[in-house]
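Numbers restart at 1 for each chain; the letters A, B, ... are given by sequence-line order, proteins then strands. Here the structure is a predicted model, which is why all the values come from computation and not from measurement.
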Amino acid sequence: MSTHAQAPAAVELSKAAAEKKYPARMPRHGNASLYRRIVIGLLAIAVLAPVCLIIYQSFLTAAFFSPRARFGLDAYRYVFFDKNFYKALGTTAIFSFGMVAIAVPLGGLLAFLITRTDIKAKRLLEILVLVPMFISSIVLAFGYTVSVGPTGFVSLFIRDIIGVVPWNIYSLPGMILIAGLSHVPHVYLYVSAAMRNLPSDLEEAARTTGASVWQVSRDVTLPMVLPALIFAAALNVLLGFETFGIPLVLGDPNGIMVLTTYIYKLTTLFGTPTYQLMAVVAVVLVLITLPLVWMQRKLLRNARKYAAMGGKGARVSTLKLGKSGQIIALSIIGLWLFVSVALPIGGITVRAFVDAWGEGVSLFDQLTLANFSRMLEVPSLYNGIVNTILLSVVGGAVAVAIYLAVGLAGHRNWGMSNTILDYIVLLPRALPGLVVGLAFFWVFLFVPFLTPLRPTLVSLFVAYLVVGLSYGLRLLQGTLIQVAPELEESARTTGATIGRTWKDVVIPIVRPGLAGAWALIMIIFLREYATGVYLMGAGTEVIGSLMVSLLQTGAMNTIAALALISIVLTGAGLALALRLGAKIHD
Amino acid sequence: MNRHITVRSTAFAVTTAIITAFAVPALAQDVPAGYPADYADLIAKAKEEGTVSVYTSTDAAQSQKLQDGFTKKYGIKIAYNDLGTNGTYNQVISEAAAGQTTADVVWSSAMDLQMTLVQDGYGVEYASPEAAKLPAWANYKNTLYATTVEPIGVIYNTKALSEDKLPKTYAEMITFLRDNKAMLQGKVATFDPEKSGSGFLHHSNDARNRKDFWDLAKAMGEDGAKIYSSSGGMKETVVSGENVIAINIIGSYALDWVKESPNLGVHFAKDYTPAFSRLALITKDAPHSNAAKLFVDYMLSAEGQALLAEGGLPSVREDVTAGLNIKTLNERVGGGLKPIAVDEGVLEYMDQMKRVQFLNDWKAALGR
């Protein structure tokens, strides 16, 4: 699943001012346009090959490699006349907008409390708030079923006190609530970046006229960060449309279907896989997404205009919360953290160490380490762990290098090629990871010189690279844009080529940012699960996809142990990221 | 001179004798009893190939003993690809279309998809020397072999139900579901035939064999049955007590689950317990065709079957004593074991019209 945030409010808002003052464009001559064309061209091939294959497949009547396949609109006809498709589409829309309705206000509030007030334990909170973003949704969903499912340990505890379990997570509202809460970090990232860059002089001016804290927040702060809020909302709608793990685990039992699980159903509905129908749904997802991407771009441009009102270097002062304010604010954040972090991670942890749970079971009687010892007995399981670490650590580093190469191609370039780049980058995010994985499986199978790479980790790496592209590139762009243009210009005026400028000026400056980006990409690769489902094979197993395939045979004990290992690895990645100075909150 | 020759020829004879003395027992040890004499050739060629690529829907954990046994015996590596039923089918047909066949042996529980592969020409005929040891229904034209026999039954939460309360026959199950609506409402689980290939196989096989299948489906519908796309989902909810009972679940897994989950019970109807099999075929363009033959023979041999049975997958052979075999399994489930025959019958619902009709009937019966 390519559910990644579009990262660190990417292009920092106040930098817009810088762009205006300095001619940030490089002179036409010697501005590395050949390099840019090559890089963007290669990227386009990597991204468009699978996308085109899917579009082509959607216009066929059978699998594209079948001799029976011919051109036709039959697949579109089937999907557009299938009432289940509209039902899934409707549910997806409700799910996405519901999720936004929860995540945006809450994310905005958290961003406000953490960036604009003198709330206690700020540094710690900044990290904790982002945690749900780094855990794959399938792991989250499993965790919730163990803690707050109908017979979860928290549910049973509550039932013992009040007689009933007052919630049902296997319902659309339950799914929306869980998805909404776990997407708060995605909103927080953007809005906190916007808020950090807001000059406080406007707020202070308002305060001097006697306005209360909340009046200022509502009438001054809110309008200023509105573009960021809308941007985050659009992003979350996008993420909502491609969510797979939460609906798969929580919606499935009651037959609640969204577009991604509808695609999943199409793999079995007809006995043999109906790729053409899956492709049509994937194309529909792209068509829904493209306008959102366009809107995001527009909003981002407006956001820059807004921030430019402030002027540079204004001191950011924080709002004094007072004693009761502190208590209220910390309670809100604490409650959210409890629900979004403690409950799912607690659930997974408990599940990993027991062999039975639920109604009438004392967890202490069921404690076991057997779930972990299996990891050592079965080669595919420890292969999975080793490969996952390899892919995230080594693959993550290579990915950062590639994203940097792409980032440089788009650096200080605002022309047509940049627009193309933006859309290319966002295209794969519109597709469910399952479909991207399947498309890459075919690419590696049918493109002659790529075939030897199919049974290796390289094929998985390429698919991961494309799935993580939008997140990774935003990270790198955000870092690159922080290099003051005058440094590059002075290098250029002394006669350095653009390549030399990058090598001797830009890259050394962004190096700390690269290390942080590496750790973050590592985490993104760690939590990936849908992409590998079709690509992994003997010796190339990965944790996330193993969990999906184990679900079929019911090895829940093993799944829980794998999920916990994945959380521990993510924790290690996050610790490393922070040590390397990753600015995850910037 | 003459003497010299004599000495040399004697030495030669001795050497030859020594070599033969060592070589013959080595070969005799390799070629299993009752196999054709030229089987040693097959073993030698297979060893040269050195590896066999298996595409399967069986968890590595369940077949680990079989894999280890094979590799230990022949020194041939197994590239074990657990791809799920759909993944297996998808990869086999994709690879064949690309002319890049990598799979040597396809070993899957999706009996209908396996039969489809054979019908569409992806399999190759191979008369295994072990074939005679299998029941007649377990061998389809020497192309598709049943390697296991796995009952389909019921799991239930032992804290909510005790085994003596459970219905003994298929017909009683229908009455049981109707008579205990209060206790079972929203707490009955079964496979979703739309999302699960195994679920479709189990339900449609019942529909082929039991006139009262639709009564059962309706009774489940009246209890507000929940439908799941995986065994894992169902097991977890019954373990936790969220569901009281799960119907048409894979009994071979369940027999294993109850060993480690004290609050889980497994139960079979005495009069009718269908059983499916994991079917093995050798691909048409198998890159390691000899190793593939060797592996299929090993899977079907008494030794391989015993290792599978130890891993929880009951044997199709009566002469296997480890774990359960088809005979002891029949006793365990109460005498009503009805294996799904490996024949064209499993293709009945691959016909699109019939399939859609079945799914519509199913949804209507469940009231969805």
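Neither the backbone nor the side chain of N371(A) comes within contact range of chain B, judged by heavy atoms closer than 4.5 Å. Only the side chain of Q64(B) has a heavy atom closer than 4.5 Å to any heavy atom of chain A. Interface remark: F142(A) contributes no atoms to any contact with chain B (heavy atom separation under 4.5 Å). Heavy atoms closer than 4.5 Å to chain B are found in the side chain of Y170(A), but not in its backbone. Looking at P67(A), neither its backbone nor its side chain comes within 4.5 Å of chain B, counting heavy atoms on both sides. Only the side chain of E541(A) comes within less than 4.5 Å of a heavy atom in chain B; its backbone stays farther off. Contacts between L438(A) and chain B at a heavy-atom distance below 4.5 Å involve the side chain alone, from C-beta outward.
Highest contact tally toward chain A, considering only G197(B), S198(B), P262(B), is held by P262(B) [criterion: heavy-atom pairs under 4.5 Å]. Among the candidates L113(B), D68(B), I78(B), N90(B), the residue making the largest number of heavy-atom pairs closer than 4.5 Å to chain A is N90(B). Among the candidates Q67(B), M234(B), E95(B), M350(B), the residue making the largest number of heavy-atom pairs closer than 4.5 Å to chain A is E95(B). Put simply, of G149(A), G539(A), P150(A), the one with the most heavy-atom pairs under 4.5 Å next to chain B is P150(A). When each of S109(B), G241(B), A98(B) is scored by its heavy-atom pairs under 4.5 Å with chain A, the top score falls to A98(B). Ranked by heavy-atom pairs under 4.5 Å with chain A, the first of Q62(B), Q91(B), K159(B), K226(B) is Q91(B).
In K363(B), the NZ atom is crowded: over 12 heavy atoms of neighbouring residues, nucleotides or ligands sit closer than 6.0 Å. Other residues, nucleotides and ligands place more than 12 heavy atoms under 6.0 Å from the CZ atom of F270(A).
The CG atom of D112(B) sits 9.5 Å away from atom OG1 of T272(A), with the distance rounded to the nearest 0.5 Å. The distance from the CG atom of L248(A) to the OG atom of S230(B) is 7.5 Å, given to the nearest 0.5 Å. Atom CZ of R351(A) is separated from atom CD of E236(B) by 4.0 Å, given to the nearest 0.5 angstrom. Note that the CG atom of L83(B) and the CE atom of M536(A) stand 7.5 Å from one another [nearest 0.5 Å]. Here NZ of K195(B) is found 6.0 Å from OG1 of T261(A). Values are rounded to the nearest 0.5 Å. Y275(A) OH to S94(B) OG: the interatomic distance, rounded to the nearest 0.5 Å, is 4.5 Å.
Side-chain contact between T145(A) and E242(B) is absent, with no heavy atoms from C-beta onward closer than 4.5 Å. S380(A) has its side chain out of reach of Y80(B): every pair of non-hydrogen atoms, C-beta onward, lies at least 4.5 Å apart.
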